[in-house]
Amino acid sequence: MGKLGIIIKTTGAAVATTVTLVSALRENPQIAKSLDDLVGKLKSATDANNPKIRFDAKMAAIDTAADAVELAFPEATEPAGWHRHAQALRVRGELIWGANSGGTRRKAMKALNAETAELLEQINQRLASLQKQLPADDPRAG
């Protein structure tokens with residue numbers, strides 16, 4: 001199974017889209033390292049039945065995308081908000097995981113994962129629009 005197949009199996013289409021969009025910015029060494037680290041985390045989450053590990057992989061995708069946009073598009077204002085939103089999601093995830101068990105935990109994590117997927121979709125839309133604004137001869141244009 002290829003990298004993209006592993007990512008989709010592990011965390012879903014939203015994360016796969018994020019990885020694909022960030023990959024277009026790979027010529028920046030910092031972005032390439034972040035993306036490689038993310039793919040490593042996603043690979044380690046592949047066989048995990050633990051929803052917390054899969055949630056953490058989604059958080060890593062958000063952080064990687066926000067960092068990539070900060071580096072590749074310094075004029076973009078959204079990354080700071082994405083980082084704050086991700087931090088709030090991360091704290092809520094820790095609280096849910098530590099304070100609940102069984103069905104209550106599953107239900108709460110499901111709701112949190114839905115919110116996380118919404119944030120990833122917003123990030124993906126912005127990544128796509130930023131890349132469309134690049135001139136065709138810009139190496140960031142993919």
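For the side-chain hydrogen bond (donor to acceptor under 3.5 Å, both in side chains) test with Arg126, the passing option among Glu121, Gln131, Glu78 is Glu78; the others fail.
Between Ile123 and Ala65, the shortest heavy-atom distance links the atoms CG2-CB, 3.6 Å. When all heavy atoms of Pro79 and Ala66 are compared, the closest pair comes out as CB-O, 3.6 Å. Taking every heavy atom of both residues into account, Asn100 and Arg105 meet most closely at O-NH2, 2.9 Å. Residues Ala86 and Asp63 share a closest heavy-atom pair of CB-OD1, 4.0 Å.
Here the straight-line distance linking atom CE of Met59 with atom OG1 of Thr64 works out to 11.0 Å at 0.5 Å rounding. Taking CZ of Phe73 as the start and CG of Leu127 as the end, the distance is 7.5 Å to the nearest 0.5 Å. We find the NZ-CG distance between Lys58 and Leu112 to be 9.0 Å, quoted to the nearest 0.5 Å. Within the model, atoms CD1 of Ile96 and OG1 of Thr104 stand 11.0 Å from one another, a figure rounded to the nearest 0.5 Å. Distance CG/Leu119 to CD1/Ile62: 4.0 Å, rounded to 0.5 Å.
Using a 4.5 Å heavy-atom threshold, the side chains of Arg90 and Gln87 count as touching.
By the side chain to side chain donor-acceptor pair (under 3.5 Å) test, Glu94 pairs with Lys52, sequence neighbours left out.
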